[in-house]
*Asks:* 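For reference, the structure I am asking about is given below.
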Protein chains: 2
Amino acid sequence: MSKNGATDPASEAWALMRRLVWGRRPQFVTRLGELGLYPPQAIALLELGEGEPMPMSALAERLRCDNSNITGIADRLESAGLVERRPAPRDRRVRTLAVTERGRVVQGKVAEIMADPPAGLAALSEEDAAALRDILERALAATPA
Amino acid sequence: MSKNGATDPASEAWALMRRLVWGRRPQFVTRLGELGLYPPQAIALLELGEGEPMPMSALAERLRCDNSNITGIADRLESAGLVERRPAPRDRRVRTLAVTERGRVVQGKVAEIMADPPAGLAALSEEDAAALRDILERALAATPA
DNA sequence: TATTGTTATACTCTATAACTATA
DNA sequence: TATAGTTATAGAGTATAACAATA
């Protein structure tokens with residue numbers, strides 16, 4: 001950043017994006033709390049997706065945290081009846097996490113909560129929204145994981 | 001959301017924004033850690049800004065957390081020599097947090113870290129970046145705090 | 001030997017409630 | 001009475017290290 005605070009358009013856009021996304025956080029935390037979930041639990045549930053049961057270590061990778069954290073998060077999700085530990089077919093060291101029927105319902109609610117955009121974004125014109133989406137797609141495509 | 005997963009442009013843009021912002025989180029956490037800071041400490045330091053010493057309760061409001069949390073965060077920032085507790089001029093109940101000289105340096109580094117955009121955003125054309133910024137400004141302006 | 005998941009440990013963050021010193 | 005900050009408490013998240021079972 002230069003001394004007078006002036007920056008290029010990309011940096012300005014980045015600052016605005018951060019404010020928009022961060023600004024939603026309090027609402028997200030509140031609404032997830034009403035589901036009885038803490039943010040890491042909700043994110044874990046989303047990452048488990050709709051497919052096959054996932055090895056705990058795979059979830060740890062997606063959450064970019066240590067395996068040992070998954071034990072506790074899985075404990076709580078399992079206590080809430082949203083997830084089940086199951087053995088893996090081939091490797092007997094591995095335990096997978098399967099989303100229960102009830103977990104599916106909550107998963108959907110979490111997805112809805114996260115998908116809810118800030119008011120000003122929802123209020124954009126059709127043209128602005130489409131242009132925004134297209135530019136963001138280009139930016140994301142050119143961003144390494 | 002509709003059944004088949006199709007959504008409007010604003011929702012798609014929102015999903016992309018979240019992925020861009022969330023995707024930077026691991027790097028931020030790592031780099032802040034190299035400064036010896038946890039995210040809430042770094043955010044607190046930023047919120048203290050460049051102006052006058054700020055009452056602890058004002059910081060709690062900005063961080064949207066309980067006053068009691070600020071005690072611990074201020075303790076750690078003070079131990080690190082980045083912040084000082086000072087009495088407030090009129091009200092003897094109030095203690096303000098003043099950023100030290102060393103705190104100013106770290107504050108600048110934190111701001112740099114946070115301002116660093118994802119590669120794909122920095123790589124946008126000048127036109128795309130400017131259009132993105134303008135649309136985001138409209139979205140943010142129409143979003144209540 | 002290496003990997004998976006667990007346990008033990010230590011620290012930070014967070015909210016709530018009780019307390020103090022002021023107002 | 002009400003407010004600012006602290007303390008105590010409890011629960012959750014995180015990383016590291018050590019461990020058992022399995023590969």
Side-chain angles (χ1 to χ4, degrees), chain A residues 22 25-48 53-80 82-98, chain B residues 22 25-48 53-80 82-98:
Chain A
W22 273 94
R25 221 199 157 234
Q27 273 110 323
F28 285 167
V29 172
T30 299
R31 292 172 68 188
L32 293 174
E34 289 164 2
L35 293 179
L37 296 175
Y38 284 79
Q41 297 166 12
I43 294 168
L45 197 56
L46 280 188
E47 290 290 347
L48 288 176
M54 182 184 293
M56 294 176 72
S57 52
L59 182 58
E61 271 180 31
R62 282 171 180 261
L63 264 46
R64 295 170 183 277
C65 72
D66 193 83
N67 278 357
S68 60
N69 297 328
I70 303 301
T71 299
I73 291 174
D75 283 349
R76 286 163 210 123
L77 290 176
E78 202 167 27
S79 294
L82 307 180
V83 145
E84 266 177 17
R85 267 179 252 240
R86 292 195 194 155
R90 298 180 216 315
D91 191 332
R92 288 200 299 174
R93 293 172 302 181
V94 176
R95 307 179 80 178
T96 63
L97 296 178
Chain B
W22 272 94
R25 221 200 157 232
Q27 273 110 322
F28 286 166
V29 172
T30 299
R31 293 171 68 186
L32 293 173
E34 289 164 1
L35 293 179
L37 295 175
Y38 286 78
Q41 296 165 12
I43 295 168
L45 197 55
L46 280 188
E47 289 291 348
L48 288 176
M54 181 184 294
M56 295 176 72
S57 52
L59 182 58
E61 272 180 32
R62 281 170 179 261
L63 264 46
R64 296 170 183 277
C65 72
D66 193 82
N67 277 359
S68 60
N69 297 329
I70 303 301
T71 299
I73 291 174
D75 284 348
R76 288 163 209 121
L77 290 175
E78 201 167 28
S79 293
L82 308 180
V83 144
E84 266 178 16
R85 268 181 251 241
R86 292 194 194 156
R90 297 181 217 315
D91 190 333
R92 288 200 300 175
R93 294 173 300 181
V94 176
R95 307 180 79 177
T96 64
L97 297 177

*Asks:* Take the protein atom CG of A/L45 and the nucleotide atom P of D/dG13, then report the distance between them rounded to whole Å.
*Replies:* 13 Å
*Asks:* Report which part of the nucleic acid A/D91 touches: base, sugar-phosphate, or nothing (heavy-atom distance under 4.0 Å, all strands).
*Replies:* sugar-phosphate
*Asks:* About how many Å separate CG of B/L97 and CD of B/E84, when rounded to the nearest 0.5 Å?
*Replies:* 10.0 Å
*Asks:* Distance check needed: D/dT3 C1' versus B/M56 CE, whole Å only.
*Replies:* 14 Å
*Asks:* Looking only at side-chain atoms of B/R93, point me to the closest of D/dA4, D/dA15, C/dG5.
*Replies:* D/dA4
*Asks:* With rounding to the nearest 0.5 angstrom, report the CG to CD distance, B/N67 to B/E61.
*Replies:* 8.5 Å
*Asks:* A/S68 side chain: which of C/dT6, C/dT14, D/dG5 is closest?
*Replies:* C/dT6
*Asks:* Given C/dA15, D/dA4, C/dA23, identify the nucleotide with an atom nearest to the side chain of B/S57.
*Replies:* D/dA4
*Asks:* I'd like to check B/M54 versus B/R62 (side-chain heavy atoms, cut-off strictly below 4.5 Å). Are they in contact?
*Replies:* yes
*Asks:* DNA chain D: B/R95 or A/R76, which has the more 5' nearest nucleotide?
*Replies:* B/R95
*Asks:* Rounded to the Å, how far apart are B/R64 CZ and C/dA15 P?
*Replies:* 12 Å
*Asks:* Name the closest nucleotide to the B/Y38 side chain, picking from D/dA23, C/dC13, D/dG13.
*Replies:* C/dC13
*Asks:* Closer than 3.5 angstrom, by distance alone: can the side chain of B/E47 be matched with the main-chain N or O of B/L63 as a donor-acceptor pair?
*Replies:* no
*Asks:* For B/L59 and C/dC13, what is the distance between atoms CG and P respectively, to the nearest whole Å?
*Replies:* 12 Å
*Asks:* In a check of side chain to side chain contact (heavy atoms under 4.5 Å, CB included) between A/V83 and each of A/I73, A/L77, A/T96, which one passes?
*Replies:* A/L77
*Asks:* Starting at CD1 of B/I73 and ending at P of C/dA15, how long is that distance when rounded to a whole Å?
*Replies:* 10 Å
*Asks:* Please confirm whether the shortest side-chain N or O distance from A/N69 to OP1 or OP2 of D/dA15 is below 4.0 Å.
*Replies:* yes
*Asks:* Rounded to the nearest angstrom, tell me the gap between atom CG in B/D75 and atom P in D/dT6.
*Replies:* 7 Å
*Asks:* Which nucleotide wins on minimum distance to the side chain of B/V94, given the candidates D/dA12, D/dG5, C/dG5?
*Replies:* D/dG5
*Asks:* Which of the following nucleotides, D/dG5, C/dG5, C/dA23, is nearest to the side chain of B/P55?
*Replies:* D/dG5
*Asks:* Quick one: B/D66 CG to D/dT9 P, roughly how many Å, whole number?
*Replies:* 17 Å
*Asks:* B/F28 has an atom CZ; how far is it from atom C1' of D/dT14, in whole Å?
*Replies:* 20 Å
